[in-house]
Structure formats: structure tokens, C-alpha cells
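All remarks here apply to the structure that follows.
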Amino acid sequence: MARDMVVRISEGVRRQFAQERYLEAEYDRAYSLTSLILFFFSASTVGWLWEVFLHVFMDGALINRGTTWGPWLPIYGVGGVMTLVLLRKFADKPAHVFAFAYLGSGILEYTTGWALEQFRGVKYWDYSESLFNINGRVCLEVLALFAVGACFILYIAAPAMDNLYRKIPQTAKVVLCVVLITLFAADLVFSALYPKMGPGITMDVSETTKWIF
């Protein structure tokens with residue numbers, strides 16, 4: 001009986017070790033340029049869908065959210081790629097990943113919001129009614145969600161998606177990246193000439209310029 005118990009414990013330890021090594025192998029990887037480009041567009045599209053359906057749920061209106069006319073929100077793609085490029089080296093320390101993602105998300109969201117206000121004269125999001133916000137551009141609870149999202153991306157989503165990207169033939173993958181970049185560049189130019197604004201998308205800057213703590 002004692003021998004059987006030792007065998008079961010050893011087998012459990014072996015399986016746990018194998019699982020941990022498997023998970024480490026999954027997230028501890030180098031991402032190719034094409035994978036990063038495809039992940040940028042994947043994250044941008046998922047972020048756009050999240051914003052659209054969140055608006056439907058909260059306000060009951062189907063609106064093309066975002067700063068451009070295409071079905072993507074670049075800030076989500078930039079945040080996702082930054083997570084993979086800058087935070088992968090800290091992957092064995094989840095607390096560090098969370099902390100750095102929290103700080104990085106705040107910097108990215110604040111500077112993006114500020115730039116949009118300066119160049120377009122409107123706000124595309126507003127946290128003025130949330131506690132612990134800075135000029136309505138960032139707030140405590142949303143940054144925490146972004147940090148959790150960054151951990152999910154680094155440890156689960158990105159490795160799984162990279163596995164799918166690797167199954168695409170290299171030539172097809174390069175062509176797909178070129179097509180997506182071309183469409184995205186055209187959308188950026190069009191959006192610069194004809195900014196997307198209106199109810200449910202933007203709001204006047206003068207309505208939201210305060211700190212709340």
C-alpha cells in the first residue's frame with residue numbers, strides 16, 4: 001500500500017511538472033514579425049468587437065465604435081503587441097507582468113486620448129464619472145482590466161493564436177499581412193481626412209476635463 005501511494009504521488013508530481021513545462025514552453029517563445037502583425041490586427045478587431053457589443057449592451061445602440069472607419073481599434077492592437085514584445089522577458093513573474101501592464105496601459109491610453117483631443121478636438125472615451133480618473137482619460141478600474149487582459153494575452157491567447165498563425169503557409173501569411181497593412185494605411189488616411197465623430201462615438205472636450213480622486 002505504501003509503495004502504491006509513493007507511485008501515485010510520484011506520478012502526480014511528474015504530471016504537474018510536465019504540465020508546468022508545457023505551459024512555460026507555450027508562452028516562452030519568440031514571435032515572428034508576421035505573427036506580431038497578424039496578432040496586432042486580431043487584437044484590434046477583438047477590441048473593436050468588444051467596444052461595439054459593450055455599447056449595444058449599455059446603450060442599446062449598434063454603433064461603429066473607434067477612431068477609424070475600419071473594423072478595428074488600433075489601441076488594442078498596439079497594447080497587445082507591446083505586451084508580447086516588452087513583457088515576455090518577465091513572463092516567469094506574473095506579478096511583474098501585471099504591474100508593468102498596468103503602468104504601460106495607463107501611459108498608452110492617456111497619451112492616445114490626449115493626442116486625439118489635440119488633433120481632433122474631441123474625446124473618444126471618458127472616465128470622468130469614475131473614481132480615481134485623470135482628466136477622464138484613464139481610471140483605476142479600467143487599467144486593472146487592461147492589466148488582467150495583458151496577462152491573458154501573454155500566457156494564453158497569444159501562444160494559442162501563434163499556433164494557428166504557424167499553420168498558414170509562409171507566402172500566404174506574407175500576402176495577408178501586406179493586404180491588411182495596405183487596408184489599414186488607407187483607413188488611417190481616410191480617417192484623417194474624414195474623422196469619424198458623432199453621438200455614441202465622440203464627445204466634446206469641454207465636458208470632461210477634471211480629476212476625480
Side-chain angles (χ1 to χ4, degrees), residues 37 39-84 86-87 98-153 157 180-213:
I37 292 172
F39 187 77
F40 167 82
F41 286 104
S42 298
S44 296
T45 302
V46 169
W48 177 79
L49 289 171
W50 162 257
E51 295 278 351
V52 169
F53 284 108
L54 183 63
H55 195 73
V56 170
F57 176 77
M58 297 182 64
D59 301 318
L62 182 61
I63 296 176
N64 181 9
R65 298 278 293 168
T67 57
T68 63
W69 292 93
W72 38 50
L73 268 169
I75 190 171
Y76 283 89
V78 172
V81 171
M82 286 177 60
T83 296
L84 299 182
L86 300 179
L87 300 185
F98 182 88
F100 290 138
Y102 194 101
L103 178 62
S105 297
I107 295 173
L108 176 62
E109 189 172 34
Y110 190 93
T111 54
T112 302
W114 176 86
L116 288 169
E117 292 170 30
Q118 299 303 310
F119 289 103
R120 296 190 178 180
V122 293
K123 283 197 170 204
Y124 282 84
W125 62 85
D126 174 37
Y127 305 123
S128 291
E129 295 183 0
S130 300
L131 290 175
F132 305 106
N133 78 81
I134 302 178
N135 292 331
R137 299 183 186 120
V138 294
C139 71
L140 185 69
E141 59 267 33
V142 172
L143 292 183
L145 289 176
F146 286 156
V148 171
C151 293
F152 175 76
I153 287 172
L180 288 172
I181 291 173
T182 301
L183 292 173
F184 182 65
D187 187 28
L188 288 178
V189 173
F190 185 84
S191 299
L193 297 174
Y194 305 98
K196 187 173 66 173
M197 302 179 185
I201 302 174
T202 59
M203 60 209 75
D204 187 74
V205 173
S206 63
E207 298 176 0
T208 58
T209 54
K210 55 184 177 181
W211 294 52
I212 296 182
F213 291 98

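Positions are given from 1 along the sequence. Since the model is a prediction, treat every value here as computed from it, not as a measurement. Below, each value reflects all heavy atoms present in this structure, side chains not excepted, and no hydrogens, waters or symmetry copies.
Distance check: Trp48 CH2 to Phe41 CZ gives 15.0 Å after rounding to the nearest 0.5 Å.
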Without placing hydrogens or testing angles, list every side-chain donor-acceptor pair under 3.5 Å for residues 76-84, not counting sequence neighbours.
unit_1, atom_1, unit_2, atom_2, d
Tyr76, OH, Glu51, OE2, 2.7
Thr83, OG1, Gly79, O, 2.9

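Using a 4.5 Å heavy-atom cutoff, the side chains of Phe119 and Pro195 are not in contact. No side-chain heavy atom of Trp125 sits less than 4.5 Å from a side-chain heavy atom of Val138. Looking at Leu62 and Val52, their side chains come closer than 4.5 Å, going by heavy atoms from C-beta outward. A heavy-atom distance below 4.5 Å is found between the side chains of Ile37 and Ile181.
Trp69 and Tyr194 make their closest contact through NE1-O, 2.7 Å (heavy atoms, listed as atom of the first residue, atom of the second, distance). When all heavy atoms are compared, the tightest approach of Leu140 to Tyr102 is CD1-OH, 2.6 Å. The minimum heavy-atom distance linking Asp126 with Met203 is given by the pair CB-SD, 3.2 Å. The minimum heavy-atom distance linking Arg65 with Ile201 is given by the pair NH1-CA, 3.8 Å.
In this structure a side-chain-to-backbone donor-acceptor pair under 3.5 Å is present from Thr111 to Leu108. Formation of a donor-acceptor pair under 3.5 Å by the Lys196 side chain with backbone atoms of Thr68 is found in this model.
Every residue meeting the side-chain contact (heavy atoms from CB on, under 4.5 Å) condition with Cys139, not counting sequence neighbours, appears here in chain and number order: Tyr127, Ser130, Asn133, Glu141, Val142. Listed by chain and residue number, Asp187 satisfy the side chain to side chain donor-acceptor pair (under 3.5 Å) test with Ser191 (two or more places apart in sequence, or in another chain). Residues passing the ring pair (Phe, Tyr, Trp, His ring centres under 6.0 Å) test with Phe100, sequence neighbours excluded: Phe90. Partners of Phe53 by side-chain contact (heavy atoms from CB on, under 4.5 Å), not counting sequence neighbours, listed by chain and number: Leu49. Looking at residues two or more places apart in sequence or on another chain, you find a side chain to side chain donor-acceptor pair (under 3.5 Å) between Arg120 and Tyr124.
Between Glu117 and Lys123 there is a salt bridge, since at least one side-chain N of the basic residue sits less than 4.0 Å from a carboxylate O of the acidic one.
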Candidate pair Ile153 and Phe39, rule side chain to side chain contact (heavy atoms under 4.5 Å, CB included), full reasoning: CA-CA 10 Å; Ile153 287 172; Phe39 187 77; 3.4 Å; yes
Test side chain to side chain contact (heavy atoms under 4.5 Å, CB included) on Trp114 and Asn135; report intermediate values, then the result. CA-CA 9 Å; Trp114 176 86; Asn135 292 331; over 6 Å; no
